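Since this is a predicted model, take the numbers as computed values, not measurements.
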Amino acid sequence: MITATGNVRIVYPDERVVATARQAQYFSKENRVVLSGDVDIVQEGGNLIRAERVVYLVDGERLTAIPPAGQQVFSRVRIQQTPIQQAPSPQPSTAPAPAAQP
């Protein structure tokens, strides 16, 4: 187990995520990360989770957020719409027209 305390900041560049907390613990046998105390997880594009404690199971990519006593977890999810790709329009034929038959 590895523990970091203080103003902990974890950056996941592949997922474009930054997490901050007062404490972070990594449990190597379970491949689990536990963030505690004023946890903020922000993903580029506007997704956000605020909680007192977050447990992230790395292998299953599963996250559980626990709120402070008597409160709720705050989350904001921005749904990114991808543009609909249209089929390419048919190109005019550049082949010569057939010769007229007598």
Original post:
Are R9 and V11 close enough that some pair of their side-chain heavy atoms sits under 4.5 Å apart?
Top reply: yes
**OP:** Give the minimum heavy-atom separation between I10 and L35, together with the two atoms involved.
**Re:** CD1-CD2, 3.7 Å
Subject >> Other residues, nucleotides, ligands: >12 heavy atoms within 6.0 Å of D59 CG >> reply: yes
Original post:
What closest approach, in Å, do P67 and Q72 show between heavy atoms, and which atom pair accounts for it?
Top reply: CB-C, 3.5 Å
Original post:
Looking at R22 and E52, does any basic side-chain N land under 4.0 Å from a carboxylate oxygen?
Top reply: yes
Original post:
Hey, are the side chains of D38 and D40 touching, using non-hydrogen atoms and a 4.5 Å cut-off?
Top reply: no
Original post:
Shortest non-hydrogen contact from A21 to S36?
Top reply: CB-O, 3.6 Å
Original post:
Under 6.0 Å from the CZ atom of R62, do we count more than 12 heavy atoms belonging to anything else shown?
Top reply: no
Subject >> Contacts of E15 that satisfy salt bridge (Lys or Arg N to Asp or Glu O under 4.0 Å) - sequence neighbours left out >> reply: none
Subject >> Side-chain heavy-atom pair R32, V55 within 4.5 angstrom cut-off >> reply: yes
Subject >> Residue pair V58 / V33, side-chain heavy-atom distance below 4.5 Å >> reply: yes
Original post:
Would you say the side chain of I49 lies within less than 4.5 Å of the side chain of L63, judging by non-hydrogen atoms?
Top reply: yes
Original post:
Is it the case that more than 12 heavy atoms not belonging to R16 sit under 6.0 Å from its CZ atom?
Top reply: yes
Original post:
Is there a side-chain contact between F27 and V34 (heavy atoms, below 4.5 Å)?
Top reply: yes
